[in-house]
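Remarks on the structure that follows.
Values reported hereafter were calculated over all heavy atoms of this structure, with side chains retained and with hydrogens, waters and symmetry mates removed. A, B, ... follow the sequence lines: proteins, then strands. Residue 1 opens every chain.
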Amino acid sequence: MEEHELTAVIEALLFVAGEPMSLGRLAEVLEGADTDRIREALDTLRQNYDAAGRGLQIVEVAGGHQIATRSECAPWIKTLEKIKTATRLSRSGLETLAIVAYKQPVTRGEIEAIRGVDSAGVLKTLLERRIIRIVGRREGLGRPMLYGTTREFLQYFGLKDLSELPALKEFKEVAETLPENEPIRETAGDLTN
Amino acid sequence: MEEHELTAVIEALLFVAGEPMSLGRLAEVLEGADTDRIREALDTLRQNYDAAGRGLQIVEVAGGHQIATRSECAPWIKTLEKIKTATRLSRSGLETLAIVAYKQPVTRGEIEAIRGVDSAGVLKTLLERRIIRIVGRREGLGRPMLYGTTREFLQYFGLKDLSELPALKEFKEVAETLPENEPIRETAGDLTN
Amino acid sequence: MDDLQTPYAVKLPAFEGPLDLLLHLIKQHEINIYDIPISLITGQYLEYLSLMTSLNLAVAGEFLVMAATLIHIKSRTLLPPSETNDEEDEEDPRADLVMRLLEYQRFKEAAQGFESRENEWREVFYRPAPHGTDGPTDEINLVDMSLFDLLEALRGVMERAPTRQGLEIVVDELSVQDQMSLILDRLEREESITFTALFDDDTTRLAMIVTFLALLELIRLKRVRILQAELFGAIRVWKSTNLQPS
């Protein structure tokens, strides 16, 4: 297959796939076409889509490549009545999701220990939206279920893979930072505040 | 809106609409943009799509305009569809699989008694996908075949063995909406005995 | 008039939980998180709780637990330094709380990062359906299939079949008792059965043994009789009553 033919076929495949197409999946469909050549064709395609006057783009999400609209066109797309915009995640949803994303695989108990509140309802909503999933069980007492993120999670936030998550802010251990020789105890006077 | 912006927005609209968009419909969404200008933008778009190396085209069908793949790409699209259907499971498939997983070893009759519909086709699909297998025959009248899950099933769900399957009552912790008198009382663990 | 009906507006920010509230108070009072003036924060915290109560808002249990924790920490700070313990061994009573606050804070910040990504990617649409729409799709990719999907499917199907009872699995045990009633059952329908036909349905050696034991038991109980009409002829099993009319 010529380079421009390969580009054309890949474009058509990305269009019909409706989900991120990995290099591997493309190679499978293209019956053993060289991965390097596929990568090159994808680059050409991406450049074509980055030309002025295009309403579409090729994005790399969830371990694959996918055609998507450009955000500048969003206002008009939203007026198409059949296009449903996803409901935003609630604050508790985002908080819980952040814990799942960074600590996965993680149990409900661990999530609740960090959040300080019951999280069953939030977890259920996230499961139903397929943003998280049950990935197994933790060994040991009670063998609690473990939660992790899904491919939809990556897609929802436009992430290539989990390594793209920004690093979680580290904090210093309390012991290191507490003023060493300062009196910890407050005077009784403070209590009148 | 500039001409190239208009072209971009129309491209994005045709992409997400998934059905032919008439000039009138486009004008409506573009809030009264001049029909002549929309027609011009559509022509520009069509020309862009007719360049070499494109796998897509703008077709005029059913009184509207739509993005479609080029016929030259059909063989690969068919391959993709084949791969996709081989990796997808319908809702009825998932339902049947759930019954097999939790009630195994189970006969087709028992599955149909629960689902209330004929399940021969779904069982065949699940067998072909190697998610379930025939594990034997039930003693007694008719000696019906018994179905159970496979090792592939465990792999899909990241389970070590069937005892790792969460029981419905555990699920209750997550989904507190379950009715009180759940008909299934056994845990998966019991079934593996 | 409106002003009279609503004499004052209390703007009560919503908090995700006690930790969230504490972080808010810490920020509001520009407090160093590593050196929290515990009595000030406890006072502020309790004030907030009483405000919630006066507004008839349900105060979740977690908030009360935290109130108790704060009061406990405060009481410990009031105790004179223990003389028996080494100075080094003595732990700051606030340490646990500070660790929890810091841990919670980083996820709260990460969640804010998620929110801005969400906003950005909500403007991007895919085909045929835009991503992240609610509700289950008709088909599911095997790769994405999760245990939750399986449980949801099971729950759905069980809910749709509420009246069908007796769905319990018959444990596939071969009991002699069962086999005995099966034989008697057959003898109700057929006058007699040949000995070999008794084993037609048995697929395993174990099943055959069970059938044989069942037959022996039935003979012992005089519920059946076996007859061989001629030498080397077929052995037939009869129900006893057929031979011994009462």
Side-chain angles (χ1 to χ4, degrees), chain B residues 12 15-18 67 84-99 101-107 110 113-116 129 131 136-143 146 156-159 164-168 170-171 174-175 177-179 181-186 190-191 193, chain C residues 123-131 133 135-175 178-179 181-183 185-186 189 199-204 206-208 210-211:
Chain B
F15 175 76
V16 278
I67 303 180
K84 271 179 75 178
T85 47
T87 53
R88 285 183 175 272
L89 206 59
S90 63
R91 207 122 277 277
S92 57
L94 193 61
E95 253 178 42
T96 309
L97 177 60
I99 298 170
Y102 278 90
K103 300 225 147 221
Q104 61 188 302
V106 64
T107 67
E110 287 160 345
I114 297 171
R115 292 192 62 221
R129 305 261 163 94
I131 306 177
R137 282 172 179 277
R138 160 130 323 142
E139 295 304 320
L141 201 71
R143 295 168 62 239
L146 288 165
Y156 277 129
F157 292 103
L159 300 169
E164 298 247 296
L165 269 180
L168 263 191
E170 288 177 86
F171 177 59
V174 182
T177 53
L178 274 178
N181 297 313
E182 198 51 46
I184 294 193
R185 277 182 294 275
E186 323 94 302
D190 292 338
L191 292 175
N193 291 342
Chain C
E123 305 289 292
V124 173
F125 296 89
Y126 301 99
R127 187 189 167 273
H131 68 299
T133 44
T137 43
D138 276 349
E139 285 204 328
I140 185 163
N141 194 321
L142 287 182
V143 180
D144 298 332
M145 197 163 58
S146 81
L147 277 174
F148 180 78
D149 296 317
L150 199 66
L151 280 161
E152 266 293 318
L154 185 66
R155 193 167 67 90
V157 81
M158 286 324 218
E159 265 169 20
R160 284 208 312 276
T163 50
R164 292 191 197 96
Q165 285 303 316
L167 298 178
E168 306 284 296
I169 266 305
V170 182
V171 181
D172 230 358
E173 267 176 327
L174 295 156
S175 87
D178 289 347
Q179 207 49 258
S181 52
L182 274 177
I183 295 170
D185 225 39
R186 278 184 76 174
R189 284 176 276 121
F199 300 90
D200 279 352
D201 284 340
D202 297 336
T203 42
T204 62
L206 182 66
M208 293 170 88
V210 170
T211 304

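Heavy atoms of B/Ala12 lying under 4.5 Å from chain C are absent altogether.
Taken to the nearest 0.5 Å, the CG atom of C/Leu154 stands 11.0 Å off from the OG1 atom of B/Thr96.
A 4.5 Å side-chain heavy-atom check between B/Leu165 and C/Leu150 finds at least one atom pair inside the cut-off.
Between C/Tyr126 and B/Phe15, the shortest heavy-atom contact is C-CE2, 3.9 Å.
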